[in-house]
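Before any comments, here is the structure.
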Amino acid sequence: RLTRRLTGVFSSLRRQGRLSEDDVNNALREVRVAVLEADVNYGVAKDFLARIKEKAVGENLFGSLTADQTLVRIVRDEIVELLGEDVPFHWAPAPPTVVLMAGLQGSGKTTTCAKLARWLVKDGKKPMMAACDLQRPAAVHQLQVLGEQVGVPVHTGQGSPVDVAKEAIQRARHLFCDVLIVDTAGRLAMDAELMNELAAIEKAVGSHERLLVLDATIGQESVNVAQAFQDRLGLTGVVITKLDGDARGGAVLSVRAVTGVPVRYVGTGEATDALERFSSERMAGRILG
Amino acid sequence: RGVIDENLYSVLEEELLLADTSVAVTEEILSELRDAVRKDKVTTVDGIRERLRHEIASRFDWDRVKGLNEPAVPPALWLFVGVNGVGKTTTIGKLASSLKSKGKRPLLAAGDTFRAAAIEQLQVWAERSGADFVGASPGSDSASVVFSAIEAAKARGCTHVLADTAGRQHTKSALMTELGKTVRVAEKAMGRAPDEVLLVLDANTGQNAVRQAEEFGHIAGVTGLVLTKVDGTAKGGALIGLQRGLHLPVKLVGTGEGIEDLRLFDPKWFAERLFA
Ligand SMILES: Nc1nc2c(ncn2[C@@H]2O[C@H](COP(=O)(O)OP(=O)(O)OP(=O)(O)O)[C@@H](O)[C@H]2O)c(=O)[nH]1
Ligand SMILES: Nc1nc2c(ncn2[C@@H]2O[C@H](COP(=O)(O)OP(=O)(O)OP(=O)(O)O)[C@@H](O)[C@H]2O)c(=O)[nH]1
Ligand SMILES: [Mg+2]
Ligand SMILES: [Mg+2]
């Protein structure tokens, strides 16, 4: 779609055979609209556009008759570069490796726990899940049903989420599990008490992966949300879910640009096999529309 | 401070965009604002901001008089639809409690027969709110559950049927077809269209809200919107664009995870919160 927009902008210029600074600015305006419509954060878009303009000047877009193609390539390459390299799984020096799943309400944490568990089973590993969401109605039951579906034990318990987490890691060690995946309740990034609880759960088990599960439809607040979880927890990665919808997912770019946290996995459906490794190339294409 | 210049309009543009208002709607709003400011000779920054809030609120104005549609012949059927995780099930629980407190007799229909523990989740809300409950076993046909619930409501003298449906992405045509079927089956059981088909939207959602409203509107005959999770920081500006194009009144607002956390939508509140 960005290609189509730019072709329109540049079609009149082709006839003139050269580009003025105004022409390039009009083209950059189209890039800005495309990026904002993709839910990239306003502040991130501003910096992004500045870098694009710099590169456009650097590559002498003013002298090019294929300026639209060049510009699309520059934008795409810039997104891919920003999104960064693939990050391998952080295995603990001694088992179990602990993965903590965190995020806003309804983002897909519980489902993602089961997806990751299934992935690990397929890789010949022995995971366990911990049902530390004691707040949402039937959340523990939900994880138990999913655990049965993927053939992975689920630890449930009494007391507080911290108590359950402590019991779970003991049990995981006792059963020689390779990975303990900790499901937590959805919470607001601005809820200090619940953010403290999350930090307490982390402290109780000692985590090796701390993943922010983010809904691909999230808009401008992606930056504030990610920053808050990053500040409180120190994230090792982001999982972006519901990419089987048609949200462009610009939040991914925003979060990476502002917090530096890399996207590790992508949720592509409700089924427990709908989890993929993150691909910056594919994401760049999607953001550009 | 107090200087009316281009800087103000670019500040306002930034605030609107940061609130998830689309680029096109932002331009539209600011152009109308400039006209209004010129015509009415508004000369202060406060005056312009007040005018802007008024302009945004007035796009929703006609919603304020509307609660949820109550039919002449009970029970009412209010169906809840939307993408995954937005708050459909929780909203039903809150609404059931509110109806009980008004002396009504709501019945909850567990129309999400797909997702793990969805039926159990709604059952907890039925217990908490004191509502009647109709569910079947997981994997059973969603439309049949809604049909049975309507029949049960009539037999028991319930006043309202609140029907839950499974979350779904509007890009999945088979699931959207299934939803269309549920609506038609409900229509047959009621002898009229559902009294409300409420599309539940998460306030954190960006521009995809428009896509959701278009597709669900088309398939399910959406009559109104519920905006959830406004207790967070997201402003829900994508809603502004929906008003002119699609005529979808915002009826209810979810303000938290507790049973009491549901209010009627207020356009003035929405406009003020946008710039808070
Ligand atoms: N289409 C689609 N749906 C998903 C995906 N991931 C999760 N879901 C669905 O999103 C909804 C919410 O998922 P949950 O796993 O319950 O989300 P959660 O973050 O644990 O929610 P809370 O515990 O309430 O905060 C469910 O309907 C899931 O089936 C995905 O990648 N694609
Ligand atoms: N903070 C906040 N959380 C909410 C609100 N409404 C719902 N939630 C939470 O959002 C999460 C998802 O709510 P559900 O009611 O399961 O959403 P759903 O649309 O039925 O989800 P699916 O059936 O899986 O598509 C739960 O953790 C709820 O407690 C709200 O107004 N504010
Ligand atoms: Mg959960
Ligand atoms: Mg539900």
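Letters A, B, ... are given to chains in the order of the sequence lines, protein chains preceding strands, and every chain is numbered from 1.
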Need one label for A/Leu104: side chain, backbone, both or neither, based on atoms under 4.5 Å from any heavy atom in chain B. side chain

Max heavy-atom pair count under 4.5 Å with chain A, selected residue of B/Gln169, B/Lys229, B/Glu14, B/Glu120: B/Glu14

Tell me, for B/Lys235 versus chain A, whether the close heavy atoms (under 4.5 Å) come from the side chain, the backbone, both or neither. neither

Got a second to check how far A/Ser107's OG is from B/Asn84's CG, nearest 0.5 Å? 11.5 Å

Gap between atom CD of A/Gln220 and atom CG of B/Asn204 - 0.5 Å precision: 12.0 Å

Option in B/Lys172, B/Arg115, B/His170 with maximal non-hydrogen atom pairs under 4.5 Å from chain A: B/Arg115

B/Glu257 and A/Gln105: side chain donor to acceptor below 3.5 Å: yes

Looking at B/Val23, B/Asp20, B/Thr90, which has the largest count of heavy-atom pairs under 4.5 Å with chain A? B/Asp20

OG1 of B/Thr21 to CG of A/Leu36, rounded to nearest 0.5 Å, is 11.5 Å

Between B/Glu13 and chain A, with a heavy-atom cut-off of 4.5 Å, which part of the residue counts as in contact: side chain, backbone, both or neither? side chain

Is chain B contacted by the side chain of A/Asn41, its backbone, both, or neither, given a heavy-atom distance below 4.5 Å? side chain

Are more than 12 heavy atoms from other residues, nucleotides or ligands located less than 6.0 Å from atom CD of B/Glu260? no

Heavy-atom pairs under 4.5 Å with chain A, option from B/Val124, B/Leu17, B/Leu122 with the top count: B/Leu17

Under a 4.5 Å heavy-atom cutoff, which of A/Glu37, A/Met190, A/Lys46, A/Arg136 has the most pairs with chain B? A/Arg136

Do any of residues 211-218 of chain B come closer than 4.5 Å to chain A, heavy atom to heavy atom, and if so which ones, in number order? B/Arg211, B/Gln212

Within 6.0 angstrom of A/Arg282 CZ, more than 12 heavy atoms from elsewhere: no

How about residues 25-34 of chain A versus chain B: which residues have heavy atoms under 4.5 Å apart? A/Arg32, A/Val33

With no hydrogens and no angle check, do the side chains of A/Asp246 and B/Asn208 hold a donor and an acceptor under 3.5 Å apart? yes

Closest heavy-atom contact between A/Val145 and B/Ala116? CG1-CB, 3.7 Å

Honestly, the part of B/Thr205 sitting under 4.5 Å from a heavy atom of chain A is both

Quick one: what part of A/Leu188 sits under 4.5 Å from any heavy atom of chain B, side chain, backbone, both or neither? side chain

Out of A/Ala138, A/Pro137, A/Ala247, A/Gly106, which one racks up the most heavy-atom pairs below 4.5 Å with chain B? A/Pro137

Shortest non-hydrogen pair, A/Glu221 vs B/Thr233, comes out as OE1-OG1, 2.6 Å

